[in-house]
Participant: 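Before I ask anything, here is the structure I am working with.
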Amino acid sequence: MAIQLFDTLSNTKRPLELREPGRVSLYFCGPTVYDAPHLGHARNALTFDILRRYLEWKGLEVHVVSNITDIDDNIIGRALEESSTEPEVAAHWEQIYIEAMDSLDVLHPHDRPHATQYVDQMIAFITELVDKGVAYTTETGVYLSVDAVPDYGGLVHRAPDDLREGAGARVEVDPDKNDPLDFVLWKAAKPGEPTWPSPWGDGRPGWHIECVAMATELLGDDFDIHGGGDDLAFPHHENERAEATASGRPFARHWVHHGMVNVSGTKMSKSLGNFTTVGKLLEQYEGRALRLLVLQTHYRKTMEINDDAMAQAEAALDRLDAMARRAAAAGIAPAGTNDELIAAFTTAMDDDMGTPAALAAVFDAARAANAALDADDAPAAAANVATAIDLAGALGITIGVASGGEDDAEIEALVQQRTVAREAKDWAEADRLRDELAARNIVVEDTAHGAIWHRA
RNA sequence: GCGCCGGUGCCCGAGCGGACCAAGGGAGCGGCCUGCAAAGCCGUACAGUCGCGGGUUCAAAUCCCGCCCGGCGCUCCA
């Protein structure tokens, strides 16, 4: 079954056409590490983690590359502010970024290249462009002539002239450039900034060149998927494409962009408060809840994150976990499949990563499992539990993670005492014990197969 | 200002020309279960209608036009 994916360049949903059958090469733009990762970074990493996991679940071999931009104006600014150095700033925030993504169960990319470690490749690439006559040098650096790219603007579906009109709307146009659309490949050294030697004098690489150099180096030309947030489509991805095209190389076969994040109805911004950083959010909610929320919205749409939505996601997760607990208490091990739901799930995911509909299949499996449990239909229960776990897992959600604690034995003893009291119909004592457990954040549930408990 | 995207129940959010699909999740209500709960299952009200106003069509939440509101982009922000 063909996987359809919306491609920004062709502006259509089209079948994923791989360079090599069975193997997917995926590059997506990672963060510039100069500050705490925010919810946008989380959605970015989660979106591509979900895509990767699904492709792997389908049996494809996926090679994921995602970069770390460890040198840019923001990092330099930060280092200056903190009287620190650029490598220190970058290393610090990179670590925090990786920890945050770990707590969201985002799998590590197979390669996580750093811009500063690919300067040689970038210089080689720029040299190629200069030699081809599609790049020129000015006092401030080396620039790419957008002229050399016939379909410049393709990713944003605007004609070059149209883009020219807008140029300078937000940032002043460098008067040295031949064309306002031309952009920098190599920046000439400025006092106090880190620099690398190059054929054009000391300086540092422009932004876009790093992704091109790293993607082609690690995945080869003509790799399968290039992704990122909507906001990167222009100018970043457009310029990457321009560089690759001007060099005469085929580049990404598919461009995948995801929507932005709104917090409490408005654009996320640092001045807005609480929920802008992943760290802050995770102080209050579990990582899976954010992933579930991301899954509930189609990846191309703007999504909303607020307290209500996070709490709702946690409640939904509780349902899934409760199902697994009940099954375990009934002595039912996951086994078998619910083929109908797996088919519905696959159809949904194959259609441009329809995670909301795919999730519906997961919850349908949970309901079916619970119903089977109620009906004492062990095979059906086992099959539906297995299906729910499998499908949720394909999206990166682990069901029924039992977090053990040091006081497990103590709790077990209290639960046992309560069972004894209940058998003696000593309801007062049974309720007292339940309250005592509740005070320790333990929820007791009585099932046909005895009492089970979990941490709230 | 220009371009692109979106506005669906109490909340989050699918659906994007037509069949008992306005999915799924959360919250609500009723029932069953329970010593009482919790969990679960079943049922049910909330969308007589899908931002507003026109239009196309045998048929529109789904297409077209206008308006209002929100988001993103317009050179370094996921």
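Values below: every heavy atom of this structure, side chains too, minus hydrogens, waters and symmetry copies. Reminder, nothing fancy here: chain letters follow the sequence lines and each chain counts from 1.
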Participant: Can you say whether a donor on the side chain of A:Asp230 sits under 3.5 Å from an acceptor on the base of B:rG73, or the other way round?
Facilitator: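 It does not, because no donor-acceptor pair links the side chain of A:Asp230 to the base of B:rG73 below 3.5 Å.
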
Participant: Would you call A:Asp182 and A:Lys177 a salt bridge, using N to O less than 4.0 angstrom?
Facilitator: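 A:Lys177 and A:Asp182: not salt-bridged.
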
Participant: Looking at B:rA39, does its base get a donor-acceptor pair with the side chain of A:Asn370 below 3.5 Å?
Facilitator: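 Looking at the base of B:rA39, it does not pair with any donor or acceptor on the side chain of A:Asn370 (distance under 3.5 Å).
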
Participant: Applying the salt bridge (Lys or Arg N to Asp or Glu O under 4.0 Å) criterion to A:Arg418, which one of A:Asp431, A:Asp446, A:Asp426 satisfies it?
Facilitator: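 Only match with A:Arg418 under salt bridge (Lys or Arg N to Asp or Glu O under 4.0 Å): A:Asp446.
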
Participant: Ring centres of A:Tyr299 and A:His258 under 6.0 Å apart?
Facilitator: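 Here the rings of A:His258 and A:Tyr299 have centres that are no less than 6.0 Å from each other.
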
Participant: What contact category does A:Asp231 fall into here, base, sugar-phosphate, or nothing, at under 4.0 angstrom with non-hydrogen atoms?
Facilitator: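 It contacts base atoms.
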
Participant: I'd like to know if A:Arg434 reaches the base of B:rA37 with its side chain such that a donor and an acceptor end up less than 3.5 angstrom apart.
Facilitator: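 Donor-acceptor pair under 3.5 Å: yes.
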
Participant: State which of B:rC77, B:rC41, B:rG25 makes the closest approach to the side chain of A:Phe363.
Facilitator: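 Selected nucleotide: B:rG25.
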
Participant: Considering non-hydrogen atoms only, spot the tightest contact between A:Val64 and A:Arg52 and give its length.
Facilitator: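 Reported closest heavy-atom pair: CG2-CG, 3.5 Å.
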
Participant: Expected output check: what is the dot-bracket annotation of RNA chain B, where ( ) and [ ] are pairs inside the strand (brackets for crossing ones), | is paired with another strand, and pairs are Watson-Crick or G-U under 3.5 Å?
Facilitator: ((((((((.[[[..)..(.....]]].(((((.......)))))......[[[[[..)....]]]]])))))))....

Participant: Could you please spell out the steps behind the ring-ring contact (aromatic ring centres under 6.0 Å, His included) verdict for A:His208 and A:His237?
Facilitator: CA-CA 7 Å; A:His208 323 299; A:His237 289 164; 9.2 Å; no

Participant: Considering only the P atoms, how many Å lie between B:rC12 and B:rG7, rounded to the nearest integer?
Facilitator: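 Comparing P positions in B:rC12 and B:rG7 gives a spacing of 12 Å.
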
Participant: Of all the nucleotides listed (B:rA78, B:rA23, B:rG35), which has the minimum atom distance to the side chain of A:Asn44?
Facilitator: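 Looking only at side-chain atoms, A:Asn44 lies closest to B:rA78.
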
Participant: Between B:rA59 and B:rG17, how far is it from one C1' atom to the other, in whole Å?
Facilitator: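 The answer is 8 Å between these two C1' atoms.
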
Participant: For B:rG73, is there a stacking contact with A:Phe234, counting only centres under 5.5 Å and planes under 30°?
Facilitator: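 A:Phe234 vs B:rG73: stacking no.
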
Participant: Any salt bridge between A:Arg164 and A:Asp179, counting N to O under 4.0 Å?
Facilitator: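 Yes, this pair counts.
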
Participant: May I ask you to check whether over 12 heavy atoms, not counting those of A:Glu99, lie within 6.0 Å of atom CD?
Facilitator: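 Yes, the 6.0 Å shell around CD holds more than 12 heavy atoms from other groups.
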
Participant: Between B:rA78, B:rA23, B:rC41, which one does the side chain of A:Arg319 approach most closely?
Facilitator: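 The answer is B:rC41.
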
Participant: NA contact type, A:Val362, heavy-atom cut-off 4.0 Å: base, sugar-phosphate, or nothing?
Facilitator: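 It contacts nothing in the nucleic acid.
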
Participant: Where does B:rG48 land, syn or anti, given syn is within 90° of 0?
Facilitator: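 That one's syn.
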
Participant: Expressed in whole Å, how much space separates the P atoms belonging to B:rA22 and B:rC64?
Facilitator: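 Result for the P pair: 24 Å, nearest Å.
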
Participant: Which nucleotide wins on minimum distance to the side chain of A:Glu445, given the candidates B:rA78, B:rC36, B:rA39?
Facilitator: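 Per side-chain heavy atoms of A:Glu445, the pick is B:rA39.
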
